[in-house]
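In what follows, chains are A, B, ... by sequence order, proteins preceding strands, each numbered from 1.
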Number of protein chains: 2
Amino acid sequence: MEEKIKRTRRTAEEARRVILDAAERRLADLGPEGIRLQDIASDVGISHPTILHHFESREGLVLALTERTREQLRQDLFAAFSGPSARDADIHQIMARVFEILSKRGHARLTGWMILSGAISQTPDRGMLRDLTDLIHPKRAEEFRLRGLPVPSREDTLFVVMLGAVTAFGDGLFGPVVRQAAGITDEVKTMEQFRDWFAELLRSRMIPPAQ
Amino acid sequence: MEEKIKRTRRTAEEARRVILDAAERRLADLGPEGIRLQDIASDVGISHPTILHHFESREGLVLALTERTREQLRQDLFAAFSGPSARDADIHQIMARVFEILSKRGHARLTGWMILSGAISQTPDRGMLRDLTDLIHPKRAEEFRLRGLPVPSREDTLFVVMLGAVTAFGDGLFGPVVRQAAGITDEVKTMEQFRDWFAELLRSRMIPPAQ
DNA sequence: CACACTACTATCAAAATTGTAGATAGTCAA
DNA sequence: TTGACTATCTACAATTTTGATAGTAGTGTG
(Lines give C-alpha, C1' and ligand atoms only; values in the text may rest on other atoms or scores of the structure.)
Protein backbone atom coordinates (compact mmCIF):
# COMPACT_ATOMS: atom_id res chain seq x y z
CA MET A 1 0.00 0.00 0.00
CA GLU A 2 1.46 3.24 -1.19
CA GLU A 3 1.44 6.38 0.89
CA LYS A 4 0.08 9.40 -0.89
CA ILE A 5 2.64 12.09 -0.35
CA LYS A 6 1.55 15.67 0.05
CA ARG A 7 3.58 18.13 -1.91
CA THR A 8 3.64 21.80 -1.16
CA ARG A 9 4.04 23.63 -4.38
CA ARG A 10 5.45 27.13 -4.21
CA THR A 11 5.85 29.71 -6.88
CA ALA A 12 9.35 29.62 -8.34
CA GLU A 13 10.13 32.94 -6.70
CA GLU A 14 8.96 31.81 -3.29
CA ALA A 15 10.86 28.54 -3.60
CA ARG A 16 14.06 30.38 -4.46
CA ARG A 17 13.54 32.63 -1.49
CA VAL A 18 13.13 29.92 1.13
CA ILE A 19 16.06 27.98 -0.29
CA LEU A 20 18.29 31.04 -0.13
CA ASP A 21 17.08 31.73 3.39
CA ALA A 22 18.09 28.26 4.50
CA ALA A 23 21.45 28.45 2.74
CA GLU A 24 22.13 31.82 4.33
CA ARG A 25 21.35 30.51 7.80
CA ARG A 26 23.54 27.46 7.38
CA LEU A 27 26.43 29.46 6.02
CA ALA A 28 26.30 32.09 8.73
CA ASP A 29 25.96 29.52 11.51
CA LEU A 30 28.05 26.60 10.37
CA GLY A 31 30.70 28.19 8.20
CA PRO A 32 32.27 27.10 4.94
CA GLU A 33 31.22 23.45 5.18
CA GLY A 34 27.62 24.36 5.88
CA ILE A 35 26.40 24.70 2.34
CA ARG A 36 25.49 21.18 1.31
CA LEU A 37 22.57 20.65 -1.00
CA GLN A 38 21.10 17.79 1.00
CA ASP A 39 21.29 19.66 4.28
CA ILE A 40 19.76 22.80 2.88
CA ALA A 41 17.06 20.74 1.21
CA SER A 42 16.16 18.96 4.42
CA ASP A 43 16.04 22.28 6.27
CA VAL A 44 13.46 23.50 3.80
CA GLY A 45 11.70 20.15 3.67
CA ILE A 46 12.29 19.43 0.01
CA SER A 47 14.48 17.06 -1.96
CA HIS A 48 17.86 18.25 -3.10
CA PRO A 49 17.20 18.02 -6.84
CA THR A 50 14.62 20.74 -6.34
CA ILE A 51 17.44 23.10 -5.44
CA LEU A 52 19.24 22.15 -8.63
CA HIS A 53 16.02 22.71 -10.53
CA HIS A 54 15.84 26.29 -9.30
CA PHE A 55 19.51 27.21 -9.39
CA GLU A 56 21.01 24.98 -12.10
CA SER A 57 23.96 23.98 -9.97
CA ARG A 58 25.53 24.38 -6.60
CA GLU A 59 27.57 27.24 -7.95
CA GLY A 60 24.42 28.90 -9.22
CA LEU A 61 23.03 28.78 -5.71
CA VAL A 62 26.16 30.34 -4.29
CA LEU A 63 26.14 33.13 -6.85
CA ALA A 64 22.46 33.84 -6.28
CA LEU A 65 23.07 34.00 -2.56
CA THR A 66 26.02 36.33 -3.06
CA GLU A 67 24.02 38.67 -5.19
CA ARG A 68 21.07 38.72 -2.83
CA THR A 69 23.26 39.36 0.20
CA ARG A 70 24.97 42.26 -1.51
CA GLU A 71 21.70 43.81 -2.55
CA GLN A 72 20.20 43.45 0.92
CA LEU A 73 23.26 44.99 2.45
CA ARG A 74 23.08 47.89 0.05
CA GLN A 75 19.45 48.52 0.87
CA ASP A 76 19.95 48.21 4.61
CA LEU A 77 22.87 50.59 4.56
CA PHE A 78 21.11 53.19 2.48
CA ALA A 79 18.10 52.93 4.71
CA ALA A 80 20.33 53.59 7.71
CA PHE A 81 21.88 56.65 6.12
CA SER A 82 19.08 58.22 4.17
CA GLY A 83 15.86 56.91 5.65
CA PRO A 84 13.47 59.29 7.36
CA SER A 85 14.74 58.31 10.81
CA ALA A 86 18.32 59.11 9.76
CA ARG A 87 17.47 62.75 9.22
CA ASP A 88 18.43 63.89 12.68
CA ALA A 89 19.97 60.72 14.08
CA ASP A 90 23.53 61.21 15.19
CA ILE A 91 26.45 59.13 14.07
CA HIS A 92 26.31 56.98 17.20
CA GLN A 93 22.89 55.69 16.33
CA ILE A 94 23.82 55.23 12.69
CA MET A 95 27.01 53.34 13.46
CA ALA A 96 25.14 51.22 16.01
CA ARG A 97 22.72 50.31 13.24
CA VAL A 98 25.51 49.56 10.78
CA PHE A 99 27.27 47.31 13.25
CA GLU A 100 24.01 45.60 14.00
CA ILE A 101 23.26 44.98 10.35
CA LEU A 102 26.68 43.44 9.82
CA SER A 103 26.94 41.35 12.95
CA LYS A 104 23.43 40.41 14.01
CA ARG A 105 22.29 39.45 10.55
CA GLY A 106 25.54 37.68 9.90
CA HIS A 107 26.29 39.74 6.84
CA ALA A 108 29.93 40.21 7.76
CA ARG A 109 30.42 36.47 8.09
CA LEU A 110 28.54 35.82 4.86
CA THR A 111 30.56 38.40 3.00
CA GLY A 112 33.78 37.04 4.42
CA TRP A 113 32.92 33.59 3.21
CA MET A 114 32.01 34.91 -0.21
CA ILE A 115 35.30 36.72 -0.51
CA LEU A 116 37.29 33.68 0.55
CA SER A 117 35.45 31.36 -1.79
CA GLY A 118 35.87 33.78 -4.67
CA ALA A 119 32.16 34.03 -5.32
CA ILE A 120 32.04 37.76 -4.79
CA SER A 121 34.33 38.56 -7.68
CA GLN A 122 31.89 36.88 -10.06
CA THR A 123 29.06 39.10 -9.00
CA PRO A 124 28.39 42.63 -10.22
CA ASP A 125 29.75 45.47 -8.14
CA ARG A 126 27.57 48.50 -7.75
CA GLY A 127 29.95 50.90 -6.07
CA MET A 128 28.02 50.93 -2.82
CA LEU A 129 30.54 52.95 -0.83
CA ARG A 130 31.14 55.38 -3.65
CA ASP A 131 27.42 56.14 -3.68
CA LEU A 132 27.34 56.34 0.09
CA THR A 133 30.17 58.84 0.03
CA ASP A 134 28.38 60.90 -2.59
CA LEU A 135 25.37 60.90 -0.27
CA ILE A 136 27.30 62.03 2.78
CA HIS A 137 30.02 64.29 1.48
CA PRO A 138 27.90 67.22 0.26
CA LYS A 139 26.20 67.47 3.66
CA ARG A 140 29.53 67.36 5.41
CA ALA A 141 31.10 69.92 3.11
CA GLU A 142 28.13 72.19 3.68
CA GLU A 143 28.67 72.08 7.45
CA PHE A 144 32.22 73.29 7.02
CA ARG A 145 31.30 75.88 4.43
CA LEU A 146 28.64 77.39 6.67
CA ARG A 147 31.23 77.94 9.36
CA GLY A 148 33.72 79.44 6.95
CA LEU A 149 36.14 76.56 7.55
CA PRO A 150 38.31 74.91 4.91
CA VAL A 151 36.16 72.24 3.27
CA PRO A 152 37.56 68.70 3.59
CA SER A 153 38.28 66.83 0.39
CA ARG A 154 35.95 64.16 -0.92
CA GLU A 155 38.81 61.74 -0.42
CA ASP A 156 38.84 62.47 3.28
CA THR A 157 35.15 61.65 3.52
CA LEU A 158 35.74 58.53 1.45
CA PHE A 159 38.43 57.37 3.84
CA VAL A 160 36.16 57.89 6.81
CA VAL A 161 33.49 55.83 5.06
CA MET A 162 36.03 53.16 4.18
CA LEU A 163 37.24 53.03 7.76
CA GLY A 164 33.67 52.65 8.94
CA ALA A 165 33.12 49.85 6.47
CA VAL A 166 36.36 47.99 7.15
CA THR A 167 35.84 48.28 10.89
CA ALA A 168 32.20 47.25 10.82
CA PHE A 169 32.94 44.24 8.62
CA GLY A 170 36.06 43.45 10.59
CA ASP A 171 34.18 43.65 13.84
CA GLY A 172 31.39 41.44 12.55
CA LEU A 173 33.78 38.64 11.65
CA PHE A 174 36.89 39.12 13.78
CA GLY A 175 35.30 40.97 16.69
CA PRO A 176 34.65 38.01 18.99
CA VAL A 177 38.14 36.60 18.51
CA VAL A 178 39.73 40.03 18.94
CA ARG A 179 37.86 40.59 22.15
CA GLN A 180 38.91 37.20 23.40
CA ALA A 181 42.53 37.98 22.55
CA ALA A 182 42.10 41.26 24.40
CA GLY A 183 41.26 39.29 27.51
CA ILE A 184 37.79 40.70 27.72
CA THR A 185 35.33 38.92 29.93
CA ASP A 186 32.09 40.77 29.37
CA GLU A 187 31.74 40.40 25.60
CA VAL A 188 28.43 42.12 25.15
CA LYS A 189 29.15 45.13 27.32
CA THR A 190 32.64 45.71 25.89
CA MET A 191 31.33 45.35 22.38
CA GLU A 192 28.90 48.19 22.96
CA GLN A 193 31.50 50.33 24.65
CA PHE A 194 33.93 49.78 21.83
CA ARG A 195 31.35 50.66 19.22
CA ASP A 196 30.42 53.82 21.02
CA TRP A 197 34.05 54.74 21.44
CA PHE A 198 34.61 54.15 17.74
CA ALA A 199 31.52 56.09 16.72
CA GLU A 200 32.79 59.00 18.78
CA LEU A 201 36.13 58.75 17.02
CA LEU A 202 34.45 58.85 13.63
CA ARG A 203 32.26 61.74 14.70
CA SER A 204 35.24 63.79 15.82
CA ARG A 205 36.75 63.25 12.37
CA MET A 206 33.56 64.09 10.53
CA ILE A 207 32.18 67.21 12.16
CA PRO A 208 33.74 70.65 12.00
CA PRO A 209 36.06 71.43 14.92
CA ALA A 210 34.50 73.42 17.75
CA GLN A 211 34.70 77.12 17.00
CA MET B 1 60.64 -3.94 -15.81
CA GLU B 2 60.08 -2.07 -12.62
CA GLU B 3 61.06 1.55 -12.15
CA LYS B 4 62.98 2.21 -8.99
CA ILE B 5 61.23 5.12 -7.38
CA LYS B 6 63.20 7.67 -5.44
CA ARG B 7 61.71 8.66 -2.13
CA THR B 8 62.74 11.78 -0.28
CA ARG B 9 62.57 11.05 3.36
CA ARG B 10 62.26 14.03 5.69
CA THR B 11 62.32 14.21 9.42
CA ALA B 12 58.82 14.18 10.86
CA GLU B 13 59.18 17.80 11.86
CA GLU B 14 60.33 18.91 8.44
CA ALA B 15 57.55 16.93 6.77
CA ARG B 16 54.94 18.57 8.97
CA ARG B 17 56.39 21.94 8.13
CA VAL B 18 56.29 21.62 4.35
CA ILE B 19 52.79 20.15 4.51
CA LEU B 20 51.55 23.04 6.63
CA ASP B 21 53.26 25.49 4.26
CA ALA B 22 51.42 24.03 1.30
CA ALA B 23 48.11 23.96 3.15
CA GLU B 24 48.57 27.57 4.19
CA ARG B 25 49.29 28.68 0.64
CA ARG B 26 46.29 26.86 -0.78
CA LEU B 27 43.98 28.19 1.88
CA ALA B 28 45.11 31.78 1.52
CA ASP B 29 44.97 31.66 -2.28
CA LEU B 30 42.03 29.42 -3.04
CA GLY B 31 39.75 29.85 -0.06
CA PRO B 32 37.61 27.41 1.84
CA GLU B 33 37.62 24.71 -0.82
CA GLY B 34 41.39 24.83 -1.16
CA ILE B 35 42.28 22.43 1.58
CA ARG B 36 42.04 19.03 -0.01
CA LEU B 37 44.44 16.35 1.01
CA GLN B 38 45.23 15.23 -2.51
CA ASP B 39 45.91 18.73 -3.74
CA ILE B 40 48.11 19.61 -0.82
CA ALA B 41 49.93 16.32 -1.22
CA SER B 42 50.61 16.91 -4.88
CA ASP B 43 51.86 20.42 -4.13
CA VAL B 44 54.41 18.95 -1.78
CA GLY B 45 55.11 16.04 -4.07
CA ILE B 46 53.97 13.31 -1.72
CA SER B 47 51.01 10.96 -1.51
CA HIS B 48 48.01 12.00 0.53
CA PRO B 49 48.21 9.19 3.10
CA THR B 50 51.50 10.69 4.19
CA ILE B 51 49.59 13.73 5.37
CA LEU B 52 47.26 11.51 7.34
CA HIS B 53 50.26 9.75 8.81
CA HIS B 54 51.59 13.05 10.17
CA PHE B 55 48.33 14.67 11.25
CA GLU B 56 46.02 11.74 12.01
CA SER B 57 43.13 13.24 10.08
CA ARG B 58 42.11 16.17 7.99
CA GLU B 59 40.84 17.88 11.10
CA GLY B 60 44.16 17.34 12.78
CA LEU B 61 45.81 19.15 9.90
CA VAL B 62 43.42 22.05 10.19
CA LEU B 63 43.97 22.39 13.92
CA ALA B 64 47.74 22.20 13.54
CA LEU B 65 47.58 24.91 10.90
CA THR B 66 45.39 27.07 13.09
CA GLU B 67 47.75 26.80 15.99
CA ARG B 68 50.81 27.53 13.92
CA THR B 69 49.21 30.54 12.26
CA ARG B 70 48.24 32.01 15.60
CA GLU B 71 51.70 31.54 17.02
CA GLN B 72 53.38 33.06 13.96
CA LEU B 73 51.08 36.02 14.12
CA ARG B 74 51.84 36.52 17.76
CA GLN B 75 55.56 36.45 17.14
CA ASP B 76 55.38 38.74 14.13
CA LEU B 77 53.29 41.27 15.98
CA PHE B 78 55.51 41.30 19.02
CA ALA B 79 58.53 41.67 16.81
CA ALA B 80 56.92 44.67 15.17
CA PHE B 81 56.16 46.32 18.49
CA SER B 82 59.09 45.42 20.69
CA GLY B 83 61.90 44.43 18.36
CA PRO B 84 65.07 46.53 18.25
CA SER B 85 63.92 48.37 15.12
CA ALA B 86 60.66 49.31 16.84
CA ARG B 87 62.47 51.36 19.45
CA ASP B 88 62.28 54.64 17.59
CA ALA B 89 60.04 53.69 14.69
CA ASP B 90 56.90 55.77 14.57
CA ILE B 91 53.41 54.41 14.44
CA HIS B 92 53.23 54.82 10.67
CA GLN B 93 56.01 52.34 10.15
CA ILE B 94 54.63 49.98 12.75
CA MET B 95 51.11 50.04 11.32
CA ALA B 96 52.54 49.58 7.84
CA ARG B 97 54.28 46.49 9.12
CA VAL B 98 51.14 45.21 10.86
CA PHE B 99 49.08 45.66 7.73
CA GLU B 100 51.77 43.97 5.72
CA ILE B 101 51.90 40.99 8.05
CA LEU B 102 48.15 40.56 7.85
CA SER B 103 47.62 41.11 4.16
CA LYS B 104 50.79 40.08 2.36
CA ARG B 105 51.25 36.88 4.29
CA GLY B 106 47.57 36.14 4.03
CA HIS B 107 47.12 35.91 7.76
CA ALA B 108 43.91 37.87 7.75
CA ARG B 109 42.41 35.55 5.16
CA LEU B 110 43.65 32.50 7.02
CA THR B 111 42.28 33.74 10.29
CA GLY B 112 38.97 34.59 8.68
CA TRP B 113 38.68 31.12 7.33
CA MET B 114 39.55 29.62 10.68
CA ILE B 115 36.91 31.65 12.41
CA LEU B 116 34.27 30.72 9.87
CA SER B 117 35.11 27.05 9.97
CA GLY B 118 35.10 27.05 13.77
CA ALA B 119 38.66 25.76 14.02
CA ILE B 120 39.88 28.74 15.98
CA SER B 121 37.65 28.11 18.94
CA GLN B 122 39.24 24.70 19.41
CA THR B 123 42.68 26.18 19.74
CA PRO B 124 44.18 27.77 22.84
CA ASP B 125 43.91 31.52 23.20
CA ARG B 126 46.92 33.32 24.60
CA GLY B 127 45.53 36.82 25.10
CA MET B 128 47.72 38.34 22.43
CA LEU B 129 46.12 41.78 22.42
CA ARG B 130 45.97 41.93 26.18
CA ASP B 131 49.72 41.37 26.29
CA LEU B 132 50.25 43.88 23.51
CA THR B 133 48.29 46.46 25.45
CA ASP B 134 50.32 45.77 28.55
CA LEU B 135 53.41 46.35 26.45
CA ILE B 136 52.23 49.64 25.00
CA HIS B 137 50.17 51.25 27.72
CA PRO B 138 52.93 51.97 30.26
CA LYS B 139 54.97 53.80 27.63
CA ARG B 140 51.96 55.79 26.57
CA ALA B 141 50.98 56.64 30.13
CA GLU B 142 54.53 57.79 30.79
CA GLU B 143 54.38 60.22 27.87
CA PHE B 144 51.33 61.88 29.35
CA ARG B 145 52.69 61.85 32.87
CA LEU B 146 55.89 63.56 31.81
CA ARG B 147 53.87 66.41 30.37
CA GLY B 148 51.68 66.70 33.42
CA LEU B 149 48.62 65.70 31.43
CA PRO B 150 45.78 63.49 32.65
CA VAL B 151 46.86 59.90 32.01
CA PRO B 152 44.52 57.95 29.71
CA SER B 153 42.95 54.79 31.08
CA ARG B 154 44.23 51.37 30.14
CA GLU B 155 40.88 50.78 28.55
CA ASP B 156 41.45 53.65 26.18
CA THR B 157 44.74 52.12 25.06
CA LEU B 158 43.06 48.75 24.76
CA PHE B 159 40.40 50.22 22.48
CA VAL B 160 43.03 51.80 20.29
CA VAL B 161 44.78 48.43 20.04
CA MET B 162 41.49 46.70 19.30
CA LEU B 163 40.68 49.22 16.61
CA GLY B 164 44.08 48.65 15.08
CA ALA B 165 43.53 44.91 15.15
CA VAL B 166 39.99 44.95 13.80
CA THR B 167 40.95 47.37 11.06
CA ALA B 168 44.12 45.52 10.08
CA PHE B 169 42.30 42.18 9.95
CA GLY B 170 39.32 43.77 8.28
CA ASP B 171 41.50 45.42 5.69
CA GLY B 172 43.38 42.20 5.00
CA LEU B 173 40.21 40.32 4.18
CA PHE B 174 37.63 42.91 3.17
CA GLY B 175 39.98 45.61 1.93
CA PRO B 176 39.99 44.76 -1.77
CA VAL B 177 36.22 44.45 -1.93
CA VAL B 178 35.73 47.63 0.07
CA ARG B 179 38.03 49.54 -2.24
CA GLN B 180 36.17 48.18 -5.22
CA ALA B 181 32.87 49.26 -3.69
CA ALA B 182 34.43 52.65 -3.10
CA GLY B 183 34.97 52.96 -6.82
CA ILE B 184 38.72 53.08 -6.46
CA THR B 185 40.77 52.47 -9.54
CA ASP B 186 44.33 52.50 -8.28
CA GLU B 187 44.13 49.77 -5.66
CA VAL B 188 47.74 49.76 -4.57
CA LYS B 189 48.17 53.49 -4.27
CA THR B 190 44.87 54.03 -2.44
CA MET B 191 45.64 51.18 -0.11
CA GLU B 192 48.83 52.86 0.97
CA GLN B 193 47.16 56.23 1.30
CA PHE B 194 44.39 54.76 3.38
CA ARG B 195 46.81 52.99 5.67
CA ASP B 196 48.82 56.16 6.18
CA TRP B 197 45.66 58.12 6.82
CA PHE B 198 44.57 55.52 9.34
CA ALA B 199 47.97 55.38 11.03
CA GLU B 200 47.83 59.15 11.41
CA LEU B 201 44.38 58.83 12.96
CA LEU B 202 45.67 56.27 15.44
CA ARG B 203 48.72 58.40 16.20
CA SER B 204 46.60 61.43 16.93
CA ARG B 205 44.65 59.32 19.42
CA MET B 206 47.72 57.84 21.02
CA ILE B 207 50.10 60.71 21.57
CA PRO B 208 49.61 63.55 24.02
CA PRO B 209 47.96 66.63 22.52
CA ALA B 210 50.33 69.37 21.44
CA GLN B 211 51.19 71.57 24.42
C1' DC C 1 -13.05 19.43 -17.97
C1' DA C 2 -8.91 18.79 -20.49
C1' DC C 3 -4.55 20.20 -21.24
C1' DA C 4 -0.11 22.61 -20.76
C1' DC C 5 3.14 23.92 -17.68
C1' DT C 6 6.39 23.27 -14.17
C1' DA C 7 7.57 22.52 -9.22
C1' DC C 8 8.75 18.50 -7.19
C1' DT C 9 10.23 13.56 -6.15
C1' DA C 10 12.67 8.95 -6.29
C1' DT C 11 16.37 6.70 -8.07
C1' DC C 12 20.55 6.22 -10.22
C1' DA C 13 25.33 7.61 -11.89
C1' DA C 14 29.78 9.62 -11.44
C1' DA C 15 33.22 11.81 -9.17
C1' DA C 16 35.66 13.31 -5.36
C1' DT C 17 37.30 12.86 -0.70
C1' DT C 18 38.72 10.96 3.52
C1' DG C 19 40.54 7.17 5.58
C1' DT C 20 42.67 2.05 5.98
C1' DA C 21 46.02 -1.76 5.22
C1' DG C 22 49.97 -3.65 4.06
C1' DA C 23 54.29 -3.29 1.64
C1' DT C 24 58.64 -0.64 0.79
C1' DA C 25 62.69 2.01 1.48
C1' DG C 26 65.63 5.60 3.86
C1' DT C 27 68.21 6.33 8.21
C1' DC C 28 70.45 5.62 12.28
C1' DA C 29 72.48 2.98 15.98
C1' DA C 30 74.47 -1.20 17.73
C1' DT D 1 76.62 -5.06 8.22
C1' DT D 2 72.42 -5.88 10.40
C1' DG D 3 68.23 -4.74 12.45
C1' DA D 4 64.81 -1.59 14.30
C1' DC D 5 62.23 2.26 13.30
C1' DT D 6 59.26 4.94 10.66
C1' DA D 7 58.40 8.07 6.65
C1' DT D 8 56.45 7.01 2.51
C1' DC D 9 54.16 4.48 -1.11
C1' DT D 10 50.37 1.78 -3.75
C1' DA D 11 45.94 0.02 -3.78
C1' DC D 12 41.58 -0.22 -2.03
C1' DA D 13 37.23 0.77 0.71
C1' DA D 14 33.55 3.66 2.43
C1' DT D 15 31.19 7.67 2.35
C1' DT D 16 29.60 11.85 0.66
C1' DT D 17 28.21 15.01 -2.73
C1' DT D 18 26.92 16.91 -7.01
C1' DG D 19 24.32 16.17 -10.82
C1' DA D 20 21.18 13.52 -14.50
C1' DT D 21 16.90 11.18 -15.81
C1' DA D 22 12.39 10.23 -15.99
C1' DG D 23 8.20 10.31 -13.99
C1' DT D 24 4.46 12.51 -10.65
C1' DA D 25 1.36 15.98 -8.99
C1' DG D 26 -0.31 20.78 -8.17
C1' DT D 27 -2.18 24.93 -10.65
C1' DG D 28 -3.98 27.88 -13.81
C1' DT D 29 -6.15 28.56 -18.54
C1' DG D 30 -8.63 27.48 -22.83
[atom1] of [X] versus [atom2] of [N]: gap in Å, rounded?
{"X": "A:Arg36", "N": "C:dT17", "atom1": "CZ", "atom2": "C1'", "value": "10 Å"}
{"X": "B:Arg10", "N": "C:dT27", "atom1": "CZ", "atom2": "C1'", "value": "15 Å"}
{"X": "A:Glu56", "N": "D:dG19", "atom1": "CD", "atom2": "P", "value": "11 Å"}
{"X": "B:Glu13", "N": "D:dT6", "atom1": "CD", "atom2": "P", "value": "16 Å"}
{"X": "A:Glu33", "N": "C:dT17", "atom1": "CD", "atom2": "P", "value": "13 Å"}
{"X": "B:His48", "N": "D:dC12", "atom1": "NE2", "atom2": "P", "value": "14 Å"}
{"X": "A:Leu52", "N": "C:dA13", "atom1": "CG", "atom2": "C1'", "value": "14 Å"}
{"X": "B:Ile40", "N": "C:dT17", "atom1": "CD1", "atom2": "P", "value": "11 Å"}

Which atoms form the tightest heavy-atom contact between A:Ser47 and A:Ala41, and what is the distance?
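Looking at all heavy atoms of both residues, the shortest contact is C-CB, 3.8 Å.
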What is the minimum heavy-atom distance between A:Thr167 and A:Phe99, and which atoms define it?
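Nearest heavy atoms, A:Thr167 then A:Phe99: O-CE2, 4.0 Å.
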Before accepting this row, confirm whether a basic side-chain N of the pair A:Asp131/A:Arg74 lies closer than 4.0 Å to the acidic partner's carboxylate O.
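Salt bridge between A:Asp131 and A:Arg74, a charged N being under 4.0 Å from a carboxylate O: yes.
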Does the distance from a Lys or Arg side-chain N to an Asp or Glu carboxylate O, for B:Glu142 and B:Lys139, drop under 4.0 Å?
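Judged by the 4.0 Å cut-off on N to carboxylate O distance, B:Glu142 and B:Lys139 do not form a salt bridge.
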Where each residue is assigned the nucleotide of DNA chain C containing its nearest heavy atom, which of B:Thr8 and B:Gln38 is assigned the position nearer the 5′ end?
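Nearer the 5' end of the strand: B:Gln38.
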Give one of base, sugar-phosphate or nothing for [X], where a contact means two heavy atoms less than 4.0 Å apart.
{"X": "B:Ile35", "result": "sugar-phosphate"}
{"X": "B:Ile46", "result": "sugar-phosphate"}
{"X": "A:Leu37", "result": "sugar-phosphate"}
{"X": "A:His54", "result": "sugar-phosphate"}

State whether [X] places a side-chain N or O below 4.0 Å from either non-bridging phosphate oxygen (OP1 or OP2) of [N].
{"X": "A:Arg58", "N": "D:dT18", "answer": "yes"}
{"X": "A:Ser47", "N": "C:dT9", "answer": "yes"}
{"X": "B:Thr11", "N": "D:dA7", "answer": "no"}
{"X": "B:His53", "N": "D:dT8", "answer": "no"}
{"X": "B:Arg9", "N": "D:dT8", "answer": "no"}

Is the backbone N or O of A:His54 less than 3.5 Å from a side-chain atom of A:Arg16, with the two atoms forming a donor-acceptor pair by type?
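Present.
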Give a yes or no on whether a donor-acceptor pair under 3.5 Å exists between the nucleobase atoms of D:dT24, that is its base, and the side chain of A:Arg7.
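For A:Arg7, whose side chain was compared with the base of D:dT24, there is a donor-acceptor pair (under 3.5 Å).
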